[in-house]
**Q** 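Got a structure here, written out as structure tokens. Questions coming.
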Amino acid sequence: MKPIVIIGGGIAGLSAAYYTSKQNEVPGKIILLEQSDYWGGKLVTERVPFGEDLFVIEGGPDTFVVTKPWGVKLCKELGIADRLRGTNPETKKTYILKNEKLHELPGGLTMMIPTEFGPMIRTGLLSWPAKVRMGLDFILPAARANGDETLGAFVTRRLGRSAYENLIEPLMSGIYAGDGDQLSLQSTFPYLRDLEHEHGGLVKGALALRRERLRKARTNGGNPTPTPGSRSIFLTPLTGLAEIVEALVQNLEHSGVQLRLGTAVQGVSQTSDGYSVLLSSGESLAADGVILATPSYIAADLVDSFAPDLAGELRPIEYVSTATVTLAFKESDLPRPLDGYGYVIPRREGRKALACTWTSTKFPHRAPEDYALLRVFIGRAGQEDEIPWEDAGLLDVARAEINLTLGITANPLLTRIYRWEKAMPQYKLGHPERLQQIERFLSKYPGFALAGNAYQGIGIPDCIRSGELAAEKILLTWQDKTPTIEGIKIDA
């Protein structure tokens, strides 16, 4: 038997290797390749000693949701579930910037949809006409199910344009760094369409979901989403998301998976009995199965020689470049308390920054006592040409943002800058149909699978799940090839 080769050592590729080795009786015949000199992709954690404590700095994502169970499931399997921590329960405030002023996100939001009358009446994010327009959602009929539409068009149709621009769009951009007027509703927030069709409107649907959640909470000891030590829907390991990467690598090493850093792949070709993976070094690896856990544009280049039809569907998926800038201060140097998780910035504000997370409030264990850690997100669809992408330029953007919005003029004690070129895939209108075409073309190539954030979800649990599904697909083909003696499979 030839090995299974997995290309890409981010969380999707690591998960694919883990689930392949877990289900495979011959884990030594799995090879994981990564062209960089570290594992984890965008899951990068820097632990900076500071006296007897640490600053824990995330270069990419800083948390994952429990509503998609695959992240917690993997942590339990790796034995690190007891390391998970939720967001600070002492404050749940999040702010939205409007006209250079921070407004608290109204309470009572369920899945981004307002479900309480009082907070929406009091909020300064919306004018009175905009609030009245939102109320029309109760009486507007549901549109007929006649295909996909953009997120912006859908929310505008149900709640009005002002609600979209000042409330929904900044929350959505904090997830996708995208333009909601181009993103596919079906590929980003399909549950919104479901609420409309099942309940007649967004608010009615959100209220029904809230009632159901409270009912489940009463039957579950008061906790609607049981998680290790927290009721938060957001979790992260104590010393950063790199703990998941480190646990995966340790497990794979123990299982005998071949882990190869600094190994670039030049191309993949199909052979009469499998695949051949050509490395940039000139080495060629024969494989019974291949999983590409790379960005779709890289996957397109790798498969173009034998699957131009597939490459033609992968290459057009667009990506947005982003950056994070983390800054540390003494709390005494801040002109205002960081009394929430941070704030998001609507596109209409015209800022170069997308959001600012108050990390030391959101996760108090990420900074020493009496010190503050902030992280500014930069870059979104349609604004990349406006961003100065060199370190000095990004730092200037971050410092200007926190100066203008928070009044912070002190010099930071430390800064960390991470750039992520073409990092965020954009699920534009037509993405569901593209996925159908990709699946149709993949069916021509047994023993070949894709994983990563370009397809069915961009979050950490989505990537983990994509790796698990790719492993299941590959193993079906691989195990069918395993030689047998009187029906008993043997190692080859």
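What you see below is based on every heavy atom in this structure, not just the backbone, and it leaves out hydrogens, waters and symmetry mates.
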**Q** side-chain contact (heavy atoms from CB on, under 4.5 Å), that's the test. Do Leu248 and Leu74 meet it? Break it down for me.
**A** CA-CA 9 Å; Leu248 277 168; Leu74 178 61; 4.1 Å; yes
**Q** I need the minimum non-hydrogen distance between Arg193 and Gly147, along with the two atoms involved.
**A** NH1-O, 3.2 Å
**Q** Determine whether more than 12 heavy atoms belonging to other residues, nucleotides or ligands lie under 6.0 Å from atom CD of Glu472.
**A** yes
**Q** Is there a donor-acceptor pair under 3.5 Å between the side chain of Glu384 and the backbone N or O of Ser321?
**A** yes
**Q** So do Val376 and Leu394 actually touch side chain to side chain, heavy atoms under 4.5 Å?
**A** no
**Q** Classify the angle between the aromatic ring planes of His431 and Tyr427 as parallel (below 30°), tilted (30 to 60°) or perpendicular (above 60°).
**A**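 Ring orientation, 0 to 90° scale: parallel.
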**Q** Lys352 and Glu386: salt bridge (charged side-chain N to carboxylate O under 4.0 Å, His left out), yes or no, with the steps?
**A** CA-CA 7 Å; Lys352 291 183 173 67; Glu386 304 170 15; 5.6 Å; no
**Q** Identify the two heavy atoms, one from Leu167 and one from Pro106, that lie closest to each other, and give their separation to 0.1 Å.
**A** CD1-CD, 4.0 Å
**Q** Does Lys73 make a cation-pi contact with Trp70 (under 6.0 Å, within 45 degrees of the axis)?
**A** no
**Q** What I want to check is whether the side chains of Thr326 and Arg375 have a donor and an acceptor closer together than 3.5 Å.
**A**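 Checked: Thr326/Arg375 side chains show no N/O donor-acceptor pair below 3.5 Å.
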**Q** May I ask you to decide whether Asp391 forms a salt bridge with Arg419, counting only side-chain N to carboxylate O separations under 4.0 Å?
**A** yes
**Q** When Val277 is tested against each of Leu302, Val290, Ile6 for side chain to side chain contact (heavy atoms under 4.5 Å, CB included), which residue passes?
**A** Val290
**Q** Donor-acceptor pair, Arg399 side chain versus Leu327 backbone, under 3.5 Å?
**A**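 No, the answer is negative, given that no donor and acceptor are paired below the 3.5 Å cut-off.
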**Q** Begin from the C-alpha positions of Arg440 and Gln437 and carry the test side chain to side chain donor-acceptor pair (under 3.5 Å) through to its verdict.
**A** CA-CA 5 Å; Arg440 184 168 70 85; Gln437 284 289 83; 3.0 Å; yes
**Q** Give the ring-plane orientation class for Tyr275 versus Phe448, where under 30° counts as parallel, over 60° as perpendicular and anything between as tilted.
**A**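 Rings of Tyr275 and Phe448: tilted, as their planes differ by 30° to 60°.
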**Q** Within the side chain of Arg161, is there an N or O that forms a donor-acceptor pair under 3.5 Å with the backbone of Val155?
**A** no
**Q** Nearest 0.5 angstrom please: Asp339 CG to Leu102 CG, how far?
**A**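 Atom-to-atom, Asp339:CG and Leu102:CG are 9.0 Å apart.
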**Q** So, Phe189 versus Tyr176, ring centres under 6.0 angstrom or not?
**A** yes
**Q** Quick one: which of Leu374, Leu373, Thr91, Thr87 gives a side chain to side chain contact (heavy atoms under 4.5 Å, CB included) with Thr361?
**A**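 For Thr361, the side chain to side chain contact (heavy atoms under 4.5 Å, CB included) test succeeds with only one of Leu374, Leu373, Thr91, Thr87, which is Thr91.
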**Q** Just to verify, what does Tyr341 make a ring-ring contact (aromatic ring centres under 6.0 Å, His included) with, not counting sequence neighbours?
**A**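 So Tyr341 forms no ring-ring contact (aromatic ring centres under 6.0 Å, His included) with any residue.
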**Q** Parallel, tilted or perpendicular: which one describes the rings of Trp358 and Tyr95, with boundaries at 30° and 60°?
**A**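 Answer is tilted, since the angle falls between 30° and 60°.
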**Q** Apply salt bridge (charged side-chain N to carboxylate O under 4.0 Å, His left out) to the pair Arg315 and Asp301, showing each step before the final yes or no.
**A** CA-CA 8 Å; Arg315 193 168 283 114; Asp301 290 342; 3.1 Å; yes
**Q** Can you check whether Ser184's main-chain N or O pairs, donor with acceptor, with Asp148's side chain at less than 3.5 Å?
**A** no
**Q** Testing the basics here: between Thr156 and Tyr164, what is the closest heavy-atom pair and its distance to 0.1 Å?
**A**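 Reported closest heavy-atom pair: OG1-CB, 4.0 Å.
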**Q** Assess the residue pair Thr405 and Ile345 against the criterion (side-chain contact (heavy atoms from CB on, under 4.5 Å)); give the C-alpha distance rounded to whole Å, side-chain angles, the decisive distance to 0.1 Å, and a yes or no.
**A** CA-CA 11 Å; Thr405 304; Ile345 304 172; 5.8 Å; no
**Q** Check whether Arg158 reaches the backbone of Leu140 with its side chain - one donor and one acceptor, N or O, closer than 3.5 Å.
**A**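 Here the side-chain-to-backbone pair exists.
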**Q** Would you mind reporting whether Leu185 and Pro190 have side-chain heavy atoms less than 4.5 Å apart?
**A**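 No, their side chains stay 4.5 Å or more apart.
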**Q** Counting N and O atoms only, with roles assigned by atom type, does the side chain of Tyr297 sit under 3.5 Å from a partner on the main chain of Lys422, one being a donor and the other an acceptor?
**A** yes
**Q** Could you tell me the separation between the OH atom of Tyr18 and the CD atom of Glu77, rounded to the nearest 0.5 Å?
**A**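 Tyr18 OH to Glu77 CD: 3.5 Å, rounded to 0.5 Å.
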**Q** Without swapping roles, check the side chain of Glu46 against the backbone of Glu58 for a donor-acceptor pair under 3.5 Å.
**A**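 Such a contact is absent between Glu46 side chain and Glu58 backbone.
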